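Okay, structure first, notes after.
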There are 4 protein chains.
Amino acid sequence: MVSNPGVKGERAAPQRARKDEDKEARRRLLLDEALALYAATSYAEVKMADVAERAGLAKGTVFLYFPTKEALFLALLEDLLFSWFARLDARLCQSDAPWTGPWLARSVAQSLEAETSLTRLLAMLQTVLEQNVSVEQARRFKERLLQAMLHIGALLEARLDFLKPGEGPRVLVHLHALVTGLRQMADVAPVAREVLASPHMAPLRIDFTAELTAALTTLLRGLESR
Amino acid sequence: MVSNPGVKGERAAPQRARKDEDKEARRRLLLDEALALYAATSYAEVKMADVAERAGLAKGTVFLYFPTKEALFLALLEDLLFSWFARLDARLCQSDAPWTGPWLARSVAQSLEAETSLTRLLAMLQTVLEQNVSVEQARRFKERLLQAMLHIGALLEARLDFLKPGEGPRVLVHLHALVTGLRQMADVAPVAREVLASPHMAPLRIDFTAELTAALTTLLRGLESR
Amino acid sequence: MVSNPGVKGERAAPQRARKDEDKEARRRLLLDEALALYAATSYAEVKMADVAERAGLAKGTVFLYFPTKEALFLALLEDLLFSWFARLDARLCQSDAPWTGPWLARSVAQSLEAETSLTRLLAMLQTVLEQNVSVEQARRFKERLLQAMLHIGALLEARLDFLKPGEGPRVLVHLHALVTGLRQMADVAPVAREVLASPHMAPLRIDFTAELTAALTTLLRGLESR
Amino acid sequence: MVSNPGVKGERAAPQRARKDEDKEARRRLLLDEALALYAATSYAEVKMADVAERAGLAKGTVFLYFPTKEALFLALLEDLLFSWFARLDARLCQSDAPWTGPWLARSVAQSLEAETSLTRLLAMLQTVLEQNVSVEQARRFKERLLQAMLHIGALLEARLDFLKPGEGPRVLVHLHALVTGLRQMADVAPVAREVLASPHMAPLRIDFTAELTAALTTLLRGLESR
DNA sequence: TATGAATGAGTGTTCATTCAT
DNA sequence: GATGAATGAACACTCATTCAT
């Protein structure tokens, strides 16, 4: 853990990030630590002080990189979301065969299976994250989101011939809604878990991936069948 | 402190709710005031003290009726949700004609149009409300939810002949997800509103009712077209 | 638990205490339940509501018998203290043989061994109990205490020939101090218990009865040796 | 908020305690203010907010120095107790003449005469202070207490030739008990004060120093006379 | 850039006690 | 006498954020 031999501090990070690459590295470090904490607990339970400590930095330093807690987590969401978009893009474009709805639905749902943090954060986007963030950051996020949606939307329209112009992005909007909605339904509180354990409660137990696949498949079939 | 009824008292309710009906009335009063505050602001901004004050009661009195803030709001959600279920049920059953997917989608979406508080609360169900609530209350809620889902689900299966056995409740699960997801997407933070005002941001501006109608219609068509 | 067959209530107590003996019985019942709760927990943890419930009475009823929580517990202390005085008196007077200091010390300490509640309450007498009590109750308590002290004090002076006039009560004052002081030292908080578990901490671990016996024996020998 | 030193600031301490000595000074300041409030009222009446205000600090700042109210007061007790121990030690060692019981008793009792806060806090040690304190703080306190007891105990054994090995600390335990017990008996509640004003109540009126001297003298004589 | 001491707004909940019935 | 609904004062502690150094 000690990377500065001879120095008293136990800090892993460099003392001062002068170069842009150092700053970027430190930024990533903070995001990584925030993610680790968030994945293990919840937004409310993640303290800025803990993020700082885990990153080997002082509390105040975090605020040099992210002006608010919401800004930090919006940046984290941005990272996760657009990296997922990129991976989805790559995954989809690998396939030369013509796309089918069920295949697409499965692909999307599977690509989200391990992205619990992403989908959890997505569900807090408007309610929490965008509540205490600069217009600039919000704009940047929305612009990138728009761009990605238009890009993937165009891709969908190109490869799913039953999609009419403009329907690609719309599918993504509905996907977004399904993802955040199902994520919340699937993340059950301890009390509820106990209640849902009864066999007859089965209809209320939500399997995120299964339901997302099913709903998305049906949705696409609905578009195809017109 | 008000001993001269009619002089300063603004409440019709008796000073002390001794009979069960009085207690029920007071309970409703508290729920109503909580709803009014919530509709105007947000969960976090509603203070138990304000609810009490608006109801003309002392702070401690609220806790005679609801053991925690979460319990109060879960009870509120319960009220709104099951009264909506009942209204939807009535609305649907009025129609003698055979149901169609688009008609159903429109009916459901329209019936939810004015239910902003309901859908906002629904989105907090697992994340917030069920976090600090007795197992009993949670169980009661889930049981009623299950019952309603099975009931409406059966209705769907009976009137939409393309639905296979067991698909009624599943449609409702997907509806639930869409509702909470779209609600969150539609409730835009002030900063975001500013950003979304740009014309080119149109694809990111969500009209709750329109999108819910569209998505649900498509979903049902997808089921019909098999 | 139901002693009034046919009545809906589960109350063990009579509906109304009209006769003085009924009232006295109810009073004792309340004291007994308060004692049971106190012995198992602590003063702060005993709720008036719990006392009422255990006694099968309504919350408000307790206050018909004891105007304040402190009054209830002072009454309880009174009961325990003077019943102990009586028992001590009896025990001491049984012995025909001339008294000795060590024998007396042992007798007293042993008679207090099982009286944890009494000694715990005694330690709260001035700090807590007498803080919220009527002058009448306080006077009554002090008068009885004085009387008992004078009585037992006189007994001591009569049977321990080394005691000079007026020293009997004084011995009792010192006894009182030792009892409350040692009781507090012996009642160790959980954190402290952990700390005191270390072998080298032995000198700080207090055995109430042993220390009381030792101190009292020494004290009496000190008086005898003049 | 005070940025013009000398204008409104009543404090000599720097705005920010950066050096260890500044921090220690601030810590002492808080302890002093807490002591002032406690001496004038009671533990329950001292509010952390008041301590902060008197120290010219924000509420939260107090918790940077003491994690809980109990921790603050245990630290205060620690200060008072060990400073008293030191003063007692000095006082006792000044005397070259061989010690006698009566002299020692008088010395101890007199040295405690002005230490009302110390003895009052001592009586709350196990009941209150150690209830909400870290194991570390508790251990530290007990270790110091043990050390002091062994030290003073050894001193006693060395200078009072009638003490057998191991009896020094035990005398201190009995002293501790007498001190806390007598302190509680001497601190009379307002109601009780009224009652005790009657001439015939004289035997119940406790003079802390007088009784402590008497009891301790007798106790030591008891040890001497074997 | 980095630090970390200081800030201070923010609140749900308990429970002894009262009093209308 | 009994009830139990209503009262309302009371309060330590957290943590995102700032800013002097």
Side-chain angles (χ1 to χ4, degrees), chain A residues 9 11 13-18 22-23 26 44 46-50 52 57-70 72 132, chain B residues 1 3 14-19 22-23 26 44-50 52 56-70 72 132, chain C residues 9 11 13-18 22-23 26 44 46-52 57-70 72 132, chain D residues 1 3 14-19 22-23 26 44-45 47-52 57-70 72 132:
Chain A
R11 297 293 155 68
Q15 296 304 317
R16 267 181 193 223
R18 286 173 207 280
D22 287 347
K23 289 208 255 184
R26 192 158 285 191
V46 177
K47 319 275 180 252
M48 292 300 267
D50 294 344
L57 294 171
K59 221 183 322 178
T61 309
V62 181
F63 289 87
L64 294 178
Y65 293 85
F66 303 98
T68 65
K69 185 181 181 184
E70 287 82 6
L72 168 61
N132 192 19
Chain B
M1 279 191 184
S3 58
Q15 254 66 41
R16 276 174 194 224
R18 200 151 273 274
K19 288 176 292 183
D22 290 344
K23 290 208 257 185
R26 194 150 282 191
E45 283 170 288
V46 178
K47 315 217 191 322
M48 293 299 266
D50 294 344
L57 294 171
K59 214 183 323 180
T61 309
V62 181
F63 290 87
L64 292 179
Y65 291 85
F66 302 99
T68 64
K69 185 181 180 183
E70 288 81 8
L72 168 60
N132 191 18
Chain C
R11 298 291 155 67
Q15 296 303 317
R16 272 188 188 219
R18 284 173 208 281
D22 287 347
K23 289 208 255 184
R26 191 156 286 191
V46 177
K47 320 272 179 255
M48 293 300 267
D50 293 344
V51 176
L57 294 171
K59 218 183 325 176
T61 308
V62 181
F63 290 86
L64 294 177
Y65 293 85
F66 303 98
T68 64
K69 184 181 180 183
E70 287 81 8
L72 168 61
N132 191 17
Chain D
M1 278 189 185
S3 58
Q15 255 65 42
R16 271 166 200 232
R18 200 152 274 271
K19 288 177 291 185
D22 290 343
K23 290 208 259 186
R26 193 149 283 189
E45 283 171 287
K47 316 220 192 318
M48 293 299 266
D50 294 344
V51 175
L57 294 171
K59 216 186 319 181
T61 308
V62 182
F63 291 89
L64 291 180
Y65 291 85
F66 303 99
T68 64
K69 184 182 180 182
E70 287 82 7
L72 167 60
N132 192 19

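Letters A, B, ... are given to chains in the order of the sequence lines, protein chains preceding strands, and every chain is numbered from 1. Note that this is a predicted model, so its numbers are computed, not measured.
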How many angstroms lie between [atom1] in [X] and [atom2] in [Y], if you round to the nearest 0.5 Å?
| X | Y | atom1 | atom2 | answer |
| --- | --- | --- | --- | --- |
| D/Arg26 | D/Thr61 | CZ | OG1 | 7.5 Å |
| A/Lys47 | A/Lys59 | NZ | NZ | 12.5 Å |
| D/Met48 | D/Leu72 | CE | CG | 5.0 Å |

Exercise for the section: Return the 5'-most residue of the pair B/Ala58, C/Thr61 with respect to DNA chain F, ranking by each residue's nearest nucleotide. Expected result: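 The answer here is C/Thr61.
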Handout entry: Heavy-atom pair with the smallest gap, counting every atom of C/Asn132 and C/Glu70
Key =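 Taking C/Asn132 first and C/Glu70 second, the nearest heavy atoms are ND2-OE1, 3.0 Å.
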Exercise for the section: Looking only at non-hydrogen atoms, find the nearest pair between A/Ala52 and A/Ala58 and report the distance. Expected result: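 Shortest heavy-atom separation between A/Ala52 and A/Ala58 comes out as CB-O, 3.7 Å.
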Exercise for the section: Give the B/S/- string for nucleotides 16-21 of chain F, one per nucleotide from 5' to 3', where a protein heavy atom under 4.0 Å of the base yields B, of only the sugar-phosphate yields S, and otherwise -. Expected result: SBBBB-
Atom pair distance, as rounded to whole Å: [atom1] in [X] and [atom2] in [N]:
| X | N | atom1 | atom2 | result |
| --- | --- | --- | --- | --- |
| B/Phe66 | F/dA5 | CZ | C1' | 15 Å |
| D/Arg26 | E/dA6 | CZ | C1' | 8 Å |
| D/Lys23 | E/dA6 | NZ | C1' | 12 Å |
| B/Leu64 | F/dT3 | CG | C1' | 14 Å |
| C/Asp22 | F/dG1 | CG | P | 10 Å |

Practice task
Just call it for B/Tyr65: base, sugar-phosphate, or nothing, with non-hydrogen atoms closer than 4.0 Å on any strand.
Solution key: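 Sugar-phosphate, no base atom in range.
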Handout entry: Identified pairing partner of E/dG4, criterion: Watson-Crick or G-U wobble below 3.5 Å
Key =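 WC or wobble partner is F/dC19.
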